[in-house]
Amino acid sequence: MENKYFKTKNISYILLALLFLISFLLIPQKIYSDDDGEDEIINGFISAIESTNENTILSITDNNGVIYDIIITSDTVLGLDNAVGERWIDRFSNDINESIKRLNDQQNMLSPITILHHSKYAHSITTKNSENLKTNLNYLFIVFALAWLSFFGYLIYLSRRLLNIKEEIKLLKSK
Amino acid sequence: MKITKLNFINIFIIFTGIIVVIDMWMIFVWVPTEINQGAIQRILYLHVPVAWGSMAAICIVAFSSIMYLYKKAEKWDRIALSAAESGAIFGAMMLLSGMLWARPVWGVFWTGEAKLTFSLILFILFIAYLMFRAYFPKGIQQKRISAVIGIIGAIDTPIIYFAANLWERAHPPLIAGPAATSDSFISQNIILTLLFSVVTFTLVLSSLIFLRYTLRKNEDEIDLIIINKT
Amino acid sequence: MNPFKTIWNIAKRDLILELRRKEVLFTILGFSTLVLSIFVFSIDVNTKETQKIVPAIYWSAIIFSFTIALGRRFSIEIENGAFEALILSPISKDIIFFGKFTSNFILVLISSVFALPITSILFNINILKIEYLLLAIIISFGLSTLGTFFAIMSIKVRAREVMLSLVFFPAVTPLLFAGVDCMDKIIQNNNFSDIQSWIFFVLFYDAIFFLISLLLFDHILQE
Amino acid sequence: MKNQKNINLLEVSQLYKSFGNKKILENISFEMGKGEFVLITGSNGSGKTTLIRIISSLCSHDEGEIKIFQTSLKKEFEIVKSKIGFGMHNSMMYDDFTGKENLEYSSDLYGITNKKGNLKNIVDRFELTEILDKKIKYLSQGQIKRIANAKAFLNNPKLIILDEPDSGLDKQSQEILFREIIEEKKLGTSILLASHRLEKWIDIADQVLFMKNSSLINVTKDRKNLIF
């Protein structure tokens with residue numbers, strides 16, 4: 001039973017090569033084509049909030065006094081901390097009056113705001129809580145401690161086993 | 001002074017140790033704190049090199065598995081095993097540093113963000129390779145099947161990364177915070193430290209692989225001696 | 001000996017075997033319905049929020065039931081050496097893979113098509129459209145390619161079910177992403193262009209792993 | 001009956017196999033010509049089954065060379081397999097199929113032309129008619145063995161490899177098996193048989209190979225005083 005016409009092995013090699021070629025041409029650029037330009041960041045304080053019927057406009061004065069008018073779209077993401085410091089994260093469209101209320105609090109508390117926007121349409125608005133960013137040094141410490149603990153622990157474990165085995169080999173060889 | 005196998009490794013490990021100390025100094029002292037995120041941004045100098053390390057580890061596993069299937073030489077199988085073990089540790093660190101970075105900055109441990117999903121699946125792949133190998137009865141078939149898993153896992157890695165990106169594009173997670181644009185703020189020193197850390201962690205990875213390789217070799221040697229004895 | 005006839009022979013015999021033994025058939029059909037009904041009890045179904053997670057429930061039910069079925073599928077065939085009879089017969093190893101793959105593909109397809117109406121009844125969403133069938137076909141293709149490969153590979157391993165799922169799930173997550181996301185989009189009846197990139201991705205995934213399994217199949221058969 | 005030296009059907013040279021740190025086969029070499037009956041005997045667990053599995057490419061070996069019909073085992077060897085009949089230790093059949101369905105499945109796999117006629121001939125030769133229509137799982141070990149042995153003769157092979165075909169068989173079916181093997185031997189089919197029971201096989205064997213703690217001794221000549 002000679003299945004020469006079914007030489008799947010070399011057919012699969014050719015098909016595999018072809019497929020890699022097509023995939024590199026076709027899929028990636030379709031995906032990454034809609035990545036439109038760089039987003040900019042503004043750090044500053046909320047000076048005024050006007051909400052017209054179709055969208056809400058925030059005017060922000062940044063550290064050196066320049067005033068920007070930022071338009072909040074439906075999918076802008078808000079990450080605002082209240083006085084106690086708990087972070088509240090939600091999309092603007094999910095709960096508009098709650099978001100407006102929170103933005104007003106931020107305005108009264110004059111808390112520093114970081115806005116990530118693309119040609120005036122805001123992607124995300126977050127409280128730049130620099131003081132509690134300092135406090136999370138403990139996360140930094142935990143990560144580095146765990147990293148080095150695991151690396152050196154593994155290293156020591158390996159070298160100890162290596163030494164034991166070396167001795168055993170010497171013992172067995174001498175016997 | 002004849003450089004025997006063993007003390008070559010010692011020199012290599014001591015050298016890596018020195019490089020690591022310099023790297024730590026650079027990360028914690030030399031590089032300025034990034035204005036946007038503050039101190040927590042220094043996790044970048046651990047997260048990126050470790051991610052690069054686990055990627056390199058899965059590539060080494062794939063390459064040595066293919067060579068083992070092709071050449072049937074024991075040496076390739078040992079490299080695959082050692083790369084997988086160190087890769088698992090690097091994968092765990094990648095996952096951990098990713099999560100502990102997300103917590104202070106985005107306020108949540110886990111989001112649908114592509115990199116986090118990808119590192120979790122990569123970590124599970126490593127664990128699957130090691131567990132499958134440990135539970136399979138010893139012998140040539142065990143080595144051959146582990147090589148096959150290594151190859152499939154490695155081919156799967158870019159595909160999973162791709163799928164994670166597509167998934168993130170379809171379900172954008174609620175990342176409210178400057179971390180989302182951490183890479184838009186790279187100054188000169190930050191790039192230098194990052195590169196140096198990548199070099200350091202590659203050295204750490206290779207010394208771990210080297211050590212595990214020699215250990216594996218000696219284990220085989222003992223088996224041979226026992227066989228000849230009986 | 002026409003190879004396609006042998007492939008159909010192997011697949012047909014496997015399916016007859018499963019019909020008689022009913023063990024894998026119950027897992028494929030019964031278990032996925034069980035998983036779906038567990039979710040129905042645990043969440044209140046008719047709010048708009050829960051509609052969003054229906055695709056996730058559907059696809060995880062399919063993948064769970066398939067993994068368990070895979071664990072059972074080859075166990076008896078191996079114990080009394082029937083699989084070795086296949087290896088010893090004068091057919092090339094690729095044909096064995098095709099045959100086993102076809103029977104698994106048909107089983108997964110039955111399971112996913114069978115679970116569609118159940119999901120639409122339990123979660124009262126209308127998901128009986130043609131696109132779902134196309135989606136189910138291409139994803140079942142990917143699932144059964146890797147499923148057959150891993151099932152045959154993990155015959156001799158201890159704690160086989162756990163090891164099989166430990167290796168199978170990470171490899172199949174891209175399909176899970178694609179299935180859930182496409183279904184989500186079809187439910188909100190967006191146009192075809194949204195899920196086009198996913199469809200391309202799944203086709204690429206199926207082709208790649210089908211060929212890789214073919215190339216590596218010899219290595220996992222040799223004892 | 002010495003065969004012509006040049007065409008060796010099966011050649012095994014310097015075969016080594018060890019499992020973990022236990023040696024199973026050491027420096028096994030033997031040849032087998034056309035129409036020869038070779039008996040491999042030895043106590044249980046002396047490596048007979050492993051040797052058979054290695055020869056039929058079910059199991060890999062560490063060193064050594066195996067040639068069947070002059071083609072080495074490494075190359076794709078389906079064409080060769082169509083001329084070989086295998087009767088392994090386990091039944092190699094599906095429990096939920098009846099004996100008849102199992103035999104039909106094998107003839108499909110071997111691509112036998114007139115399936116019906118060939119099957120009928122095998123069934124008559126091995127007198128299986130009454131146990132053919134029950135599912136394998138309802139049959140006794142002996143009956144399953146009879147069907148498995150018949151399966152090895154299904155594709156009228158040039159070489160038949162049988163591993164413990166007589167275990168669990170009653171007197172009467174042993175007679176049938178013995179008669180069929182002599183029949184095949186006359187037609188020029190060579191047979192490789194591994195068994196730890198000697199009585200009948202030893203008289204008709206052209207070569208007797210005795211396996212003792214993982215090595216092979218050719219005792220064809222002084223087979224009479226074979227004790228182990």
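Nothing here was measured: the structure is a model prediction, and the numbers come from that model. First the proteins, then the strands, lettered A, B, ... as listed; each starts at 1.
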task = Specify which of Leu86(C), Ile16(C), Ile10(C), Leu17(C) makes the most heavy-atom pairs with chain D at under 4.5 Å.
result = Leu17(C)
key: Over 12 foreign heavy atoms within 6.0 Å of CD, Gln172(D)   = no
query = Is chain C contacted by the side chain of Lys83(D), its backbone, both, or neither, given a heavy-atom distance below 4.5 Å?
reply = neither
query = Rounded to the nearest 0.5 Å, how far apart are NZ of Lys81(D) and CD1 of Ile87(C)?
reply = 7.5 Å
inquiry  = For the NZ atom on Lys120(D), are there more than 12 heavy atoms of other groups (residues, nucleotides or ligands in this structure) within a distance under 6.0 Å?
reply    = no
message = If you define the side chain from C-beta out and look only at heavy atoms, does anything of Leu88(C) sit under 4.5 Å from Leu58(D)?
response = yes
key: Nearest-0.5 Å distance, CG of residue Leu109(D) to CD1 of residue Ile96(C)   = 8.5 Å
request  = Pick whichever of Arg13(C), Arg20(C), Glu84(C) has the most heavy-atom pairs under 4.5 Å with chain D.
outcome  = Arg13(C)
query = Is it true that atom CD1 of Ile130(C) has more than 12 heavy atoms of other residues, nucleotides or ligands lying nearer than 6.0 Å?
reply = no
His219(C) atom NE2: more than 12 heavy-atom contacts under 6.0 Å = yes
key: Residue part contacting chain C, namely of Met93(D), when any heavy atom lies under 4.5 Å   = backbone
query = Can Asp108(D) and Thr6(C) be said to form a side chain to side chain contact (heavy atoms under 4.5 Å, CB included), step by step?
reply = CA-CA 7 Å; Asp108(D) 283 349; Thr6(C) 342; over 6 Å; no
inquiry  = Please check if the number of heavy atoms outside Phe69(D) that lie under 6.0 Å from its CZ is greater than 12.
reply    = yes
ask   = Pick from Ile136(D), Asn90(D), Asn102(D): which one has the most heavy-atom pairs with chain C under 4.5 Å?
value = Asn90(D)
inquiry  = Does Lys115(D), at its NZ atom, have more than 12 non-hydrogen atoms belonging to other residues, nucleotides or ligands within less than 6.0 Å?
reply    = yes
